[in-house]
Amino acid sequence: MSADGAAHHVLILGGTTEARRLAEALARESSYRVTTSLAGRVAAPVLPPGGTRIGGFGGPAGLAAWIGAHGVTRVVDATHPFAERMSFNAAEASRLSGVPLLALRRPGWQPGPGDAWTFADSLSGAANLLPGLGGRVFLTTGRMGLHTFADLDGCWFLVRSVDPPAGPVPPRLEVLLDRGPFTLDGERELLARHRIDVLVTKDSGGSATAPKLTAAREAGIPVLVVRRPPVPEGVAEADSVAAVLDRLRQQA
Ligand code: NAP
């Protein structure tokens with residue numbers, strides 16, 4: 001039982017829409033106290049209800065110590081499917097602290113009829129494949145891995161990210177600062193206005209950023225999809241906020 005009488009203190013490792021939805025759902029139930037942790041990458045994050053903390057823990061041992069010091073009884077890793085380091089840290093911290101961990105992963109995207117998708121196992125794999133697919137690139141993989149594409153001087157890039165890129169970037173690029181959700185009309189217009197001939201995306205899943213895939217299909221534009229890293233071995237997975245709530249109730 002947590003200090004305020006709630007049966008559980010749930011630590012949500014956040015940074016996604018699903019993490020915020022989960023915090024909203026748990027905050028409505030008196031049996032849960034909820035704290036969301038954010039990495040601090042985004043300058044003005046949308047904060048969920050309940051407690052929040054911002055910044056790294058200092059690796060798995062730091063996270064395990066935080067869990068112990070704050071009476072956390074359940075951890076939900078609701079980070080982005082590509083936040084591989086944090087998911088690894090969460091698995092290690094769960095092992096060290098003995099506090100159960102559940103990973104919330106929205107389903108990945110699947111190609112449909114008319115899609116021309118090529119898959120890469122990593123951002124650097126995508127950078128290798130890119131010159132063979134197109135020259136005017138809509139790059140939507142986030143600002144953090146931009147250095148991976150920095151040597152591709154034969155391509156022109158439209159980079160869309162929440163905050164401005166820092167560090168090495170491709171020599172020919174335009175940056176568009178924007179945050180989803182995006183509309184199909186908006187994505188159609190963007191592809192046409194910039195004469196995009198290839199789209200690069202992570203397999204993030206979810207609906208907020210999916211319209212670009214429909215717009216690319218309609219325009220006959222190939223899509224280079226970076227596959228997700230696996231959830232760490234032995235970590236239980238749920239694919240929706242409702243499924244996490246069910247699991248937490250079963251464990252109550
Ligand atoms: P990452 O590479 O997996 O993690 C790097 C370090 O950042 C971790 O070791 C940890 O530092 C800290 N960290 C990450 N998530 C944290 C959290 N929720 N709370 C506290 N510390 C956290 O992470 P990333 O890919 O840079 O992503 C950072 C954040 O942005 C995540 O919260 C993720 O959900 C969100 N996000 C990521 C992507 C993406 O494509 N990767 C996209 C959208 C949103 P310590 O070791 O010091 O604890």
Side-chain angles (χ1 to χ4, degrees), residues 9-24 26 34-48 50-108 121-124 140-148 161-163 165-167 179-180 201-206 208-209 226-241 243-244 247-248:
H9 182 189
V10 183
L11 173 64
I12 301 173
L13 303 172
T16 57
T17 308
E18 288 76 14
R20 202 162 59 244
R21 297 273 143 75
L22 179 62
E24 287 163 2
L26 290 175
V34 56
T35 303
T36 299
S37 173
L38 299 171
R41 301 277 193 280
V42 175
V46 184
L47 293 179
T52 48
R53 64 160 304 286
I54 296 182
F57 294 93
L63 176 53
W66 199 97
I67 288 170
H70 294 82
V72 171
T73 55
R74 297 285 182 269
V75 179
V76 180
D77 170 16
T79 55
H80 190 271
F82 283 82
E84 194 174 2
R85 163 64 44 191
M86 194 63 213
S87 294
F88 170 82
N89 288 0
E92 276 299 295
S94 168
R95 196 180 55 76
L96 291 169
S97 63
V99 170
L101 168 69
L102 183 58
L104 169 53
R105 287 288 178 278
R106 58 175 96 129
D121 285 330
S122 62
L123 279 183
S124 51
T140 62
T141 49
R143 69 190 172 110
M144 302 305 283
L146 265 190
H147 60 92
T148 318
S161 58
V162 176
D163 289 315
R179 188 198 307 250
T201 180
K202 291 175 176 171
D203 178 14
S204 299
T209 60
V226 182
R227 285 197 180 92
R228 295 173 171 199
V231 167
E233 218 180 309
V235 175
E237 253 184 280
D239 66 1
S240 67
V241 170
V244 171
R247 292 279 192 101
L248 290 175

Can you label the angle between the F82 ring and the H80 ring as parallel, tilted or perpendicular, going by 30° and 60°?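 Tilted: the ring planes of F82 and H80 meet at 30° to 60°.
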Nearest-0.5 Å distance that lies between atom CZ in R20 and atom OG1 in T36: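 Separation between the atoms: 10.0 Å.
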Decide yes or no on side chain to side chain contact (heavy atoms under 4.5 Å, CB included) for T141 and L123, but give the supporting numbers first. CA-CA 8 Å; T141 49; L123 279 183; 3.8 Å; yes
Hey, does [Y] have a side-chain heavy atom less than 4.5 Å from the side chain of [X]?
{"X": "D77", "Y": "R105", "value": "yes"}
{"X": "V76", "Y": "L26", "value": "no"}
{"X": "I67", "Y": "V75", "value": "yes"}
{"X": "L63", "Y": "L11", "value": "yes"}
{"X": "R143", "Y": "D163", "value": "yes"}
{"X": "V72", "Y": "T35", "value": "no"}

Minimal non-hydrogen separation, [X] against [Y], with atom names:
{"X": "A93", "Y": "A64", "result": "CB-N, 3.8 Å"}
{"X": "P165", "Y": "L146", "result": "CB-CD1, 3.4 Å"}
{"X": "R179", "Y": "A44", "result": "NH2-O, 3.3 Å"}
{"X": "V42", "Y": "P45", "result": "O-CD, 3.4 Å"}

Is a side-chain N or O of R228 found less than 3.5 angstrom from the main chain of D203, in a donor-acceptor match?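 Flag set: sc R228 to bb D203 pair under 3.5 Å.
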Just by distance, do the side chain of S87 and the backbone of A83 share a donor-acceptor pair under 3.5 Å?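 Looks like yes, one N/O pair under 3.5 Å.
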Looking at residues at least two apart in the chain, or sitting in another chain, which of them share a salt bridge (Lys or Arg N to Asp or Glu O under 4.0 Å) with [X]?
{"X": "R85", "answer": "none"}
{"X": "R106", "answer": "E18"}
{"X": "D121", "answer": "R227"}

Mind checking what makes side-chain contact (heavy atoms from CB on, under 4.5 Å) contact with R21, not counting sequence neighbours?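 Testing R21 for side-chain contact (heavy atoms from CB on, under 4.5 Å), a comparison that skips the adjacent residues, returns T17, E24, V241.
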Applying side-chain contact (heavy atoms from CB on, under 4.5 Å), name anything that partners R247, two or more places apart in sequence or on another chain.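 Scan of R247 (side-chain contact (heavy atoms from CB on, under 4.5 Å), adjacent residues dropped) gives L102, A236, Q250.
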Acceptor/donor pairs from residues 52-60 side chains to any protein atom, 3.5 angstrom cut, sequence neighbours excluded:
{"from": "R53", "atom 1": "NH1", "to": "S37", "atom 2": "OG", "distance (Å)": "2.7"}
{"from": "R53", "atom 1": "NH1", "to": "G55", "atom 2": "O", "distance (Å)": "2.8"}
{"from": "R53", "atom 1": "NH2", "to": "G55", "atom 2": "O", "distance (Å)": "2.9"}
{"from": "R53", "atom 1": "NH2", "to": "G56", "atom 2": "O", "distance (Å)": "3.4"}

Result of checking T16, N89, L104, L13 against T79 for side-chain contact (heavy atoms from CB on, under 4.5 Å):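 Looking at T16, N89, L104, L13, the match for T79 under the side-chain contact (heavy atoms from CB on, under 4.5 Å) is L13.
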